[in-house]
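Inspection log for the structure reproduced underneath, given as structure tokens.
We use all heavy atoms of the structure for the numbers below, so side chains are in, but hydrogens, waters and symmetry mates are not.
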2 protein chains.
Amino acid sequence: MANLKQLAQSLGLSITTVSRALDGYADVSAVTRERVREAADKVGYRPNASARRLRKQRAELVAVTLPSDPGHIGPPHFLDMLSGCAEHLATAGLNLVIAPVPRGESELDICRRFVDGRRVDAMLLVRTKRKDERVEFLQSRGIPFVTNGRTESLMPHPYIDGDGFAGFRAATLRFHAAGHRRIGHIAGPQEYYFAHDRCRGWRAAMEECGLATDLCAEGAPLEQGGYLAALELLRQPSRPTALVCATDEMAIGALRALREVDGGNQISIVGHDDLPMGAFTSPPLSTMRMTGEHLGASFASLLLRAIGGEPAEELQELHAIEFVDRDSHRRPLRAA
Amino acid sequence: MANLKQLAQSLGLSITTVSRALDGYADVSAVTRERVREAADKVGYRPNASARRLRKQRAELVAVTLPSDPGHIGPPHFLDMLSGCAEHLATAGLNLVIAPVPRGESELDICRRFVDGRRVDAMLLVRTKRKDERVEFLQSRGIPFVTNGRTESLMPHPYIDGDGFAGFRAATLRFHAAGHRRIGHIAGPQEYYFAHDRCRGWRAAMEECGLATDLCAEGAPLEQGGYLAALELLRQPSRPTALVCATDEMAIGALRALREVDGGNQISIVGHDDLPMGAFTSPPLSTMRMTGEHLGASFASLLLRAIGGEPAEELQELHAIEFVDRDSHRRPLRAA
DNA sequence: ACGATTGTCCAAAACGTTTTGGGAGTCAAG
DNA sequence: CTTGACTCCCAAAACGTTTTGGACAATCGT
């Protein structure tokens, strides 16, 4: 309701002094400072955000782009993560705006709009591709950003990611140790880093074990994609006895496929993401998930440090992946 | 990179003319307009958002508060809804910021910060209480807002809500028609409008059928709350044969309780929200959900119209609730 | 030929802050 | 009495737009 001018007038002080008093400068006497603060409290003065932003040349905003294509938006903890991130950012005076990508526009367009319009101080990118044009753009503009997921960019950039390679390698080796020899992989679109990373992990384990790597089918990272990919693998002359799936959603699709072929309930399966749904499928879906608590806060912290100018190399977090032991990964292994 | 001044200078025009040319005023000749537009395109000029906001006295932002307490954040479609809302708002030049409530602060504090700091043009409120201090505050400030859920506020305000009363009444009558006589209700915290509304629906149906309304237990709107409430009802001397639950999450908790008492699998149950999880429980959870597509767009539209000054009475949407017929609501009815 | 109208353009003000670069006044030291 | 340091305060500039209220020619109606 009140602006600085009115507040200053009512106090018989200059705008400058009031402003500095509120900011706690030593420049203004303690008694004046207190007087100003009380008056400000009384009228409920809050600086006009737009004015401050203009003057300080900071938008006080961070944007996160929400991919619309394919498969909704990440796991359901995603909103919790965003919420945690926003909460942490708020303590530094930054707000988080969500920027969904309308159809007909690319994520790059969104970045351009936000960056060139000086609407944000930094950006949060999710669902990185191996070669990600958003990353290249932001790097060329010199805007701080953090990605959820790595890229193959030559220039390093801040990220938080799960070690999909190690996780999927370990899961595959676990199947091998349990006696499986025909271990299939249901892969996500390989242009996404996470999908490629996880596929590489499976492949590496297979090669280490001296097994063929032809039991691999790719699909959209959705229930339907997993379903179709699973059917494809089940048509092979030599069926897999275990399936390592790039995502839980795909794994759930695969479970549906398994139910439709006979003997399918004999096939072990594991997914990744730890969807709450997985606890209720039959059999309950074993899965994997990135370790680490308060991921949202981590993202926020990296963003703030990136804005603060810390070099990208120091702003990279690779988290281990842990196995969530339910039931679907240990179907009895039929004699070959 | 470029601001209006530089662009004007390079064109040999005044700032005024360039600004108006870009805004398409008839004030500037077609040829000049084109010349300006081309130059702007070439250097990738975008008006500085903070400057425009200050000058136009509009924040170009809408905030949505994300409740942290209890039970995460609404149904999982919630993020989809936000995404749709943000997308629609973006076409009007507004961005959506998410404002989680840090512990130690109330949602009212958040509203205050956003409103008094002129950070937003409007607000989106979710999880309304029957007597909601946020609503009262925003009304007193005259800030446009839309709620997800009604309140008992005397002054009307824009909202979108599902008709929980009708939905729960209908569900209860459905059980009655199927022969049930001891129909219990697992209620959410009654200070929330939705919980109270649904409870009233159940109660109304029971009274219409001439049945006692004592089979009602309240709990937190979480799995655990539903579990405990269900146990409470199962301890009654005369057990319910059917349960109408305020939310799916509570219903899933109730299912767990039913599994733990013998004969529990004979009890019919229905929830509300249509959680994806519900499709995988055993038995698959029958549920209810608000009808209507593109809810996010509806919210955005109401917000824009509220900002435009339309009276609240014309900005209220009450959606019917539809029954989602899975399996859990028709357990065989034992002879009484 | 004259005022009125129209078509282009612009200088300056305004939005509400933060920050720069001092200006008084006081006090102590020289 | 001057000088410098220190304390407390302030006027004015700056941030980059949009908008107000014309200015100046050219065209039109009579």
Quick one, which residues of residues 48-59 of chain B touch DNA chain C with a heavy atom under 4.0 Å?
B:L54, B:R55, B:Q57
Within the structure shown, what part of the strands sits under 4.0 Å from A:I15 by heavy-atom distance: base, sugar-phosphate, or nothing?
base
Not counting sequence neighbours, which residues clear ring pair (Phe, Tyr, Trp, His ring centres under 6.0 Å) with A:F114? List them please.
none
Could you point out which residue of A:L138, A:V146, A:V135, A:L315 forms a side-chain contact (heavy atoms from CB on, under 4.5 Å) with A:H157?
A:V135
Taking any atom under 4.0 angstrom from a heavy atom of chain A, which nucleotides of DNA chain C are the first and last to qualify, 5' to 3'?
C:dG16 to C:dT20
Taking side chain as C-beta onward, heavy atoms only, is A:R127 less than 4.5 Å from A:E107?
no
Mind jotting down which residue pairs meet the side chain to side chain donor-acceptor pair (under 3.5 Å) criterion with at least one end in residues 22-39 of chain B? Sequence neighbours excluded, please.
B:R20-B:D27, B:S29-B:T32
Excluding sequence neighbours, so at least two apart, what forms side chain to side chain contact (heavy atoms under 4.5 Å, CB included) with B:P144?
B:A122, B:A306, B:I307
Mind checking whether B:Y45 and B:L22 have side chains closer than 4.5 Å, heavy atoms only?
yes
Can you list, in residue-number order, the parts of residues 26-36 of chain B that come under 4.0 Å of DNA chain C, counting heavy atoms only?
B:D27, B:V28, B:S29, B:T32
Please determine whether the number of non-hydrogen atoms from other residues, nucleotides or ligands lying under 6.0 Å from atom NE2 of A:H294 exceeds 12.
no
If you assign A:D23 and B:L13 each to the DNA chain C nucleotide with the nearest heavy atom, which residue ends up on the more 5' nucleotide?
B:L13
Within the 4.5 Å heavy-atom criterion, are B:D116 and B:R141 side-chain neighbours or not?
yes
D:dC10 phosphate, OP1 or OP2, under 4.0 Å from A:T16 side-chain N/O
no
Please determine if B:R305 and B:E314 form a salt bridge, counting it only when a charged side-chain N lies under 4.0 Å from a carboxylate O.
no
Validation row: A:L66, A:F78 side chains within 4.5 angstrom (heavy atoms)
yes
